[in-house]
Amino acid sequence: QVQLVESGGGLVQAGGSLRLSCAASGRTFSNYAMGWFRQAPGKEREFVAAINWSADSTNYASSLKGRFTISRDNAKNTVYLQMNSLKPEDTAVYYCAASGSSSIWIISNFRSWGQGTQVTVSS
């Protein structure tokens, strides 16, 4: 019900910042939670952050809280992930995801995925 396209990835030095964008189209964007996940080489996909429709609630992976900030602009059909103080361990393909519900806490509800954008953090 929703199509997602990520952008904004690239190569950055450790300690630097990037802002990822997720352009969404379809009927669910304005109604349901959105999130970001990432997958490093040889590892499973992991949860990064989620945000509800009204953008008054957010959910972050514990290890990323304080460095990453998720936001959304429903008028622009866009979700953002601001990443600061990047570390080499943050290197991964970052995926935007749409939930089938309004909950930012039920991670299994995130079932629609973009193609991903590569983030590489050099030391």
Side-chain angles (χ1 to χ4, degrees):
Q1 298 298 312
V2 61
Q3 295 77 47
L4 307 171
V5 180
E6 302 93 336
S7 63
L11 176 64
V12 64
Q13 297 272 357
S17 298
L18 285 173
R19 189 176 78 158
L20 307 183
S21 297
C22 173
S25 60
R27 292 174 287 180
T28 65
F29 182 83
S30 296
N31 298 308
Y32 301 108
M34 299 291 295
W36 288 92
F37 294 72
R38 68 184 185 183
Q39 187 168 22
K43 297 184 178 181
E44 298 295 319
R45 188 173 300 186
E46 66 175 346
F47 170 74
V48 172
I51 188 168
N52 70 344
W53 176 82
S54 56
D56 57 1
S57 294
T58 55
N59 180 21
Y60 295 94
S62 296
S63 62
L64 303 177
K65 186 175 296 185
R67 294 196 298 121
F68 288 15
T69 302
I70 188 172
S71 61
R72 70 189 295 171
D73 186 337
N74 292 341
K76 296 181 178 180
N77 293 331
T78 302
V79 181
Y80 304 97
L81 184 69
Q82 178 67 46
M83 305 185 295
N84 298 324
S85 301
L86 284 164
K87 306 174 181 179
E89 302 85 75
D90 295 319
T91 295
V93 177
Y94 283 71
Y95 297 91
C96 182
S99 176
S101 75
S102 61
S103 176
I104 61 173
W105 306 106
I106 306 176
I107 305 304
S108 62
N109 284 348
F110 289 90
R111 298 166 182 168
S112 298
W113 304 90
Q115 291 295 107
T117 184
Q118 177 70 48
V119 172
T120 302
V121 184
S122 65
S123 59

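Quick note: numbers below take in every heavy atom, side chains included, and nothing from hydrogens, waters or symmetry partners. It should be emphasised that the depicted structure is a prediction, and the values quoted were computed from it without experimental measurement.
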Please name the pair of heavy atoms, one in G9 and one in T117, separated by the smallest distance, quoted to 0.1 Å.
N-OG1, 3.2 Å
Check the pair L64, R38 against side chain to side chain contact (heavy atoms under 4.5 Å, CB included), reporting the backbone distance first and the verdict last.
CA-CA 12 Å; L64 303 177; R38 68 184 185 183; 3.8 Å; yes
To the nearest 0.5 angstrom, please state how far the SG atom of C96 sits from the OH atom of Y80.
11.5 Å
Show the nearest heavy-atom pair for residues C22 and M34, with the distance to one decimal.
SG-CE, 4.5 Å
Would N59 and I107 count as a side chain to side chain contact (heavy atoms under 4.5 Å, CB included) if you check the C-alpha gap in whole Å, the side-chain angles of each, and the deciding distance to 0.1 Å?
CA-CA 10 Å; N59 180 21; I107 305 304; 4.0 Å; yes
Check whether S103 reaches the backbone of S101 with its side chain - one donor and one acceptor, N or O, closer than 3.5 Å.
no
Taking S99 for the side chain and A33 for the main chain, is one N or O donor matched with an acceptor at less than 3.5 Å?
no
Is there a chain of hydrophobic side chains (I, L, V, M, F, W, Y, each step under 4.5 Å between heavy atoms) that links Y32 to F110?
no
Distance in Å, N84 CG paired with L86 CG, rounded so as to fall on 0.5 Å steps:
7.0 Å
In Å, rounded to the nearest 0.5 Å, how long is the span from OG of S85 to CZ of F68?
9.5 Å
Please check this pair: side chain of T120 against backbone of T91, looking for a donor-acceptor N/O pair closer than 3.5 Å.
no
Roughly how far apart are L18 CG and L11 CG, rounded to 0.5 Å?
9.0 Å
For R72 versus A55, what's the shortest heavy-atom pair and its separation?
CG-CB, 4.1 Å
So, for Y60 and A49, which heavy atoms are closest and what is the spacing to 0.1 Å?
CD2-CB, 3.6 Å
Look up atom CH2 in W105 and atom CG in N52, then write down how far apart they are to the nearest 0.5 Å.
10.0 Å
Mind listing the closest non-hydrogen atom pair of P88 and S123 along with its distance?
CG-CB, 4.0 Å
Linked, directly or transitively: M83 and V12 (ILVMFWY side chains, under 4.5 Å)
yes
Could you report the tightest heavy-atom contact between I70 and G35, atom names first, then the distance?
CD1-CA, 4.1 Å
Under 3.5 Å, side chain of Q115 to main-chain N/O of V5, donor-acceptor pair present?
no
Can you get from L20 to V48 by hopping between Ile, Leu, Val, Met, Phe, Trp and Tyr side chains that sit under 4.5 Å apart?
yes
Could you measure the distance from the CD1 atom of I51 to the CH2 atom of W36? Nearest 0.5 Å is fine.
12.0 Å
With a distance cut-off below 6.0 Å to the six-membered ring centre and an angular limit of 45° from the axis, does R45 pair with F37 as a cation-pi contact?
no
Evaluate the side-chain proximity of Q39 to Y95: yes if any heavy-atom separation is below 4.5 Å, no if none is.
yes
